[in-house]
Amino acid sequence: EYLDLFCFLKYMNWTVEYDEQLKDFVERAVSEMKPPCDTILKLFYWDKMSWNDIAKVMPYGNADSAKAQKFKCMSKLKPIVTEFRRLWVT
């Protein structure tokens, strides 16, 4: 399955049109992230798992802990994708 890019861009407050190049880059960037970020982002965006299910599969005590980790991971991913967009648009 593919990353739900619209959801990802909405999370980052971007209003760009869907683009295959950016989608591919985001997928590669997530794949190259270290655990637990690569796993939690894939489970949430690709596999569309619920927070309760992610908390069970990964070492988190509850759904809120899994959400907090995803937020940290998105914070790491955002500057990478922002730089790609900056280079891509110019």
Side-chain angles (χ1 to χ4, degrees):
E1 290 187 36
Y2 291 104
L3 177 66
D4 182 351
L5 189 58
F6 287 122
C7 186
F8 178 78
L9 294 175
K10 181 179 178 185
Y11 171 85
M12 299 174 90
N13 295 321
W14 290 343
T15 56
V16 297
E17 292 181 11
Y18 181 83
D19 182 86
E20 212 48 47
Q21 254 186 319
L22 179 58
K23 179 178 151 280
D24 290 344
F25 177 81
V26 170
E27 290 175 357
R28 279 183 285 148
V30 169
S31 294
E32 292 176 13
M33 294 180 86
K34 294 180 181 177
C37 290
D38 60 340
T39 305
I40 198 165
L41 294 176
K42 287 176 185 177
L43 291 174
F44 183 75
Y45 286 110
W46 274 270
D47 298 339
K48 304 199 185 308
M49 287 181 74
S50 71
W51 289 117
N52 288 328
D53 289 342
I54 291 172
K56 290 176 189 172
V57 172
M58 299 191 68
Y60 300 110
N62 58 49
D64 288 336
S65 296
K67 286 180 197 177
Q69 181 60 52
K70 180 200 161 245
F71 179 80
K72 292 176 188 175
C73 294
M74 292 298 286
S75 295
K76 293 177 184 179
L77 184 60
K78 183 176 180 177
I80 296 167
V81 176
T82 300
E83 179 64 12
F84 173 80
R85 287 190 64 236
R86 186 186 69 76
L87 295 171
W88 174 59
V89 171
T90 57

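These numbers come from the heavy atoms of this one structure, side chains and all, not from hydrogens, waters or symmetry mates. Because the structure is a prediction, the values reported are computed rather than measured.
Here D53 pairs with S50 under the side-chain hydrogen bond (donor to acceptor under 3.5 Å, both in side chains) rule; sequence neighbours left out. The side chain to side chain contact (heavy atoms under 4.5 Å, CB included) search around A63 returns W51, N52, not counting sequence neighbours.
Across Y45, F25, W46, a single residue satisfies side chain to side chain contact (heavy atoms under 4.5 Å, CB included) together with V30, and that is W46.
Between P79 and K76, the shortest heavy-atom contact is CD-O, 3.4 Å.
A distance of 13.5 Å separates CE in M58 from NZ in K70, rounded to the nearest 0.5 Å. Between the CD1 atom in I40 and the NZ atom in K67 there is a gap of 11.0 Å [rounded to 0.5 Å].
Sorted by first and then second residue, the side chain to side chain donor-acceptor pair (under 3.5 Å) pairs with a member in residues 56-65 read N62-S65; sequence neighbours excluded. Residue pairs meeting the disulfide (SG to SG under 2.5 Å) criterion with at least one member in residues 44-75, sequence neighbours excluded, are C37-C73. Note on residues 31-44: no pairs pass side chain to side chain donor-acceptor pair (under 3.5 Å), not counting sequence neighbours.
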